[in-house]
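What follows is a set of notes on a single structure, which appears directly below.
All figures in this text were calculated on a predicted structure; none of them were measured in a lab. We count residues from 1, following the sequence as given. One-based numbering, in listed order, for ligands and for the atoms of each.
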Amino acid sequence: MQDYPQYRSQQKIIHWLSAVVVILAFLIIMFKIILSQFLGGMPNIYLLHKSIGVLVFILTIWRIKVIIQYGIPDVLDKHQRLQRILSKSTQGFIYIFLLIVPLSGYLMSSRPLNFFGIISIPAINVPNEFYQFFHTTHLVSSYLLAILIMLHVIGALYHYFWVKDKVLQSMLIK
Ligand code: HEM
Ligand code: HEM
């Protein structure tokens, strides 16, 4: 038995898979010009970016379902009130943006979304001015998500190297 709370293995898998796909979605769009030379042009870059974004959305819905079903372990010291508030609010906003970013990406396009070239997800027809709104939402929310993830990773490393508690270990796959 462990002497510290652990996330369920399902939660760990979702966490690390989400981390990989979210970072991939960012990297693909940041290095789109270089990558398009290796991946057969810009349309393939967008196909990949959008399909990975859909994976992020599916993983987030699964994540929320697991949390509703099993809850999340209480890994932080009960006396560290400020730390608990900061950590929980960062995580809360990450959940919200993990839904808003892919949804706004989907809604800002008037063309069907081709999921990895296998499934075509029809576009939702919205008035023209809304496309612009969702476009701006996608850009702003994806940058806010990037900032939150950076704070989150700094927090996890702070616990591991500075506080030297078991917060990081609670999320590591053994
Ligand atoms: C978690 C998932 C996603 C992340 C982190 C993400 C992030 C980003 C970022 C950082 C940009 C570049 C913004 C800029 O040019 O300054 C971008 C652009 C774009 N994203 Fe996403 N995105 C995600 C999901 C999606 C999805 C699901 C779709 C569509 C279904 C999508 C469609 C697009 C398109 C078309 C652009 C290009 C916009 C332009 O060039 O003006 N994204 N995304
Ligand atoms: C190297 C990168 C990362 C490390 C070291 C890390 C570490 C951790 C740790 C230790 C926890 C448990 C903390 C607690 O319960 O207070 C956690 C939870 C969480 N992390 Fe990360 N994380 C990383 C990347 C990410 C990324 C990229 C995302 C967003 C996609 C993310 C989203 C979350 C969320 C939403 C939680 C709350 C619990 C859950 O639903 O899984 N993390 N992370």
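- Using a 4.0 Å cut-off to heavy atoms of S87, the atoms of ligand 2 that qualify are 16 (O).
- Atoms of ligand 2 found under 4.0 Å from any heavy atom of V153 (numbered from 1 in listed order, with element): 2 (C), 3 (C).
- In terms of polar-atom proximity, defined here as any N/O pair under 3.5 Å, S18 makes no such contact with ligand 2.
- Heavy atoms of other residues, nucleotides or ligands lying less than 6.0 angstrom from OH of Y131 number more than 12.
- Here L24 contributes atom CG and L48 contributes atom CG; the two are 8.0 Å apart, rounded to the nearest 0.5 Å.
- In this structure a side-chain-to-backbone donor-acceptor pair under 3.5 Å is present from W16 to M171.
- Residue Q91 has at least one nitrogen or oxygen atom sitting less than 3.5 Å from a nitrogen or oxygen atom of ligand 2, judged on distance alone.
- Rounding to 10°, one obtains 180° for the angle at atom 21 (Fe) of ligand 2 between NE2 (H15) and NE2 (H152).
- Rounded to the nearest 0.5 Å, atoms CD1 (I45) and CZ (F38) are 10.5 Å apart.
- Within the 4.5 Å cutoff, the side chain of S18 has no heavy atoms near those of the V56 side chain.
- Put simply, CD on Q91 and CG on L98 are 11.5 Å apart, with the number rounded to the nearest 0.5 Å.
- Close approach to A19 involves these atoms of ligand 2, each under 4.0 Å from a residue heavy atom: 26 (C), 27 (C).
- For ligand 1, the polar-atom distance check finds an N/O of H138 within less than 3.5 Å of one of the ligand's N/O atoms.
- Taking a 6.0 Å sphere around NZ of K65, one finds it holds 12 or fewer heavy atoms contributed by other residues, nucleotides or ligands.
- Taking the charged nitrogens against the carboxylate oxygens, D77 and K166 have no contact shorter than 4.0 Å, which rules out a salt bridge.
- Once rounded to the nearest 0.5 Å, the distance linking CD1 of I67 with CD1 of I14 reads 8.0 Å.
- Proximity to L139 (heavy-atom distance under 4.0 Å) selects the following atoms of ligand 1: 13 (C), 14 (C).
- Proximity to V75 (heavy-atom distance under 4.0 Å) selects the following atoms of ligand 2: 14 (C), 15 (O), 16 (O).
- Q11 places a side-chain N or O within donor-acceptor distance of the main-chain N or O of R8, the cut-off being under 3.5 Å.
- Annotation: atom 15 (O) of ligand 2 to nearest protein heavy atom, Y7 OH, 2.3 Å.
- Residue-ligand proximity, V56 to ligand 1, at heavy-atom distances under 4.0 Å covers atoms 1 (C).
- The shortest contact between atom 32 (C) of ligand 1 and any protein heavy atom is with H49 CD2, 3.7 Å.
- Atom 16 (O) of ligand 1 has as its closest protein heavy atom Y143 OH, 2.6 Å.
- Close approach of ligand 1 to G53 (heavy-atom distance below 4.0 Å) involves ligand atoms 2 (C), 24 (C), 27 (C).
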Would you please test L172 and Y7 for side chain to side chain contact (heavy atoms under 4.5 Å, CB included) and show each step?
CA-CA 8 Å; L172 290 182; Y7 278 85; over 6 Å; no
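- Annotation: Y95, atom OH; neighbour count of heavy atoms from other residues, nucleotides and ligands within 6.0 Å is above 12.
- Every atom of ligand 1 is numbered from 1 in the order shown, and the set under 4.0 Å from a heavy atom of L113 is 30 (C).
- Against a heavy-atom cut-off of under 4.0 Å, H135 is close to the following atoms of ligand 1: 38 (C), 39 (C), 41 (O).
- Remark: minimum distance from atom 10 (C) of ligand 1 to any protein heavy atom is reached at S142 OG, 3.5 Å.
- Environment of CD1 in I33: sparse, with no more than 12 heavy atoms of neighbouring residues, nucleotides or ligands closer than 6.0 Å.
- Considering only non-hydrogen protein atoms, atom 39 (C) of ligand 2 sits nearest to Y95 OH, 3.2 Å.
- Against a heavy-atom cut-off of under 4.0 Å, L168 is close to the following atoms of ligand 2: 5 (C), 10 (C).
- When only non-hydrogen protein atoms are considered, atom 40 (O) of ligand 1 lies nearest to Y46 OH, 3.6 Å.
- Every atom of ligand 2 is numbered from 1 in the order shown, and the set under 4.0 Å from a heavy atom of I149 is 27 (C), 29 (C).
- The backbone N or O of Y106 sits nowhere less than 3.5 Å from a side-chain atom of S109 that would complete a donor-acceptor pair.
- Among protein heavy atoms, the minimum distance from atom 41 (O) of ligand 2 is reached at R63 NH2, 3.0 Å.
- In this structure, the protein non-hydrogen atom closest to atom 9 (C) of ligand 1 is I29 CG2, 3.5 Å.
- The ligand atoms of ligand 2 that sit less than 4.0 angstrom from a heavy atom of A156 are 5 (C), 7 (C).
- Contacts between I14 and ligand 2, counted as non-hydrogen atom pairs separated by less than 4.0 Å, are absent for every part of the residue.
- Regarding atom 4 (C) of ligand 1, its nearest protein heavy-atom neighbour is V101 CG1, 3.4 Å.
- Close approach of ligand 2 to I67 (heavy-atom distance below 4.0 Å) involves ligand atoms 40 (O).
- Using a 4.5 Å heavy-atom cutoff, the side chains of V75 and Q169 are not in contact.
- Between the side chain of S36 and the backbone N or O of G41, no donor-acceptor pair lies under 3.5 Å.
- At a heavy-atom distance under 4.0 Å, only side-chain atoms of W16, from C-beta outward, approach ligand 2.
- Considering only non-hydrogen protein atoms, atom 35 (C) of ligand 1 sits nearest to M108 CE, 3.4 Å.
- With hydrogens left out, the protein atom closest to atom 30 (C) of ligand 2 is V22 CG2, 3.7 Å, a heavy atom.
- Atom CZ of F115 has more than 12 neighbouring heavy atoms from other residues, nucleotides or ligands inside a 6.0 Å radius.
- At a heavy-atom distance under 4.0 Å, no atom of Q11 approaches ligand 2.
- Taking each heavy atom of S170 and P5 in turn, the nearest pair found is CB-O, 3.1 Å.
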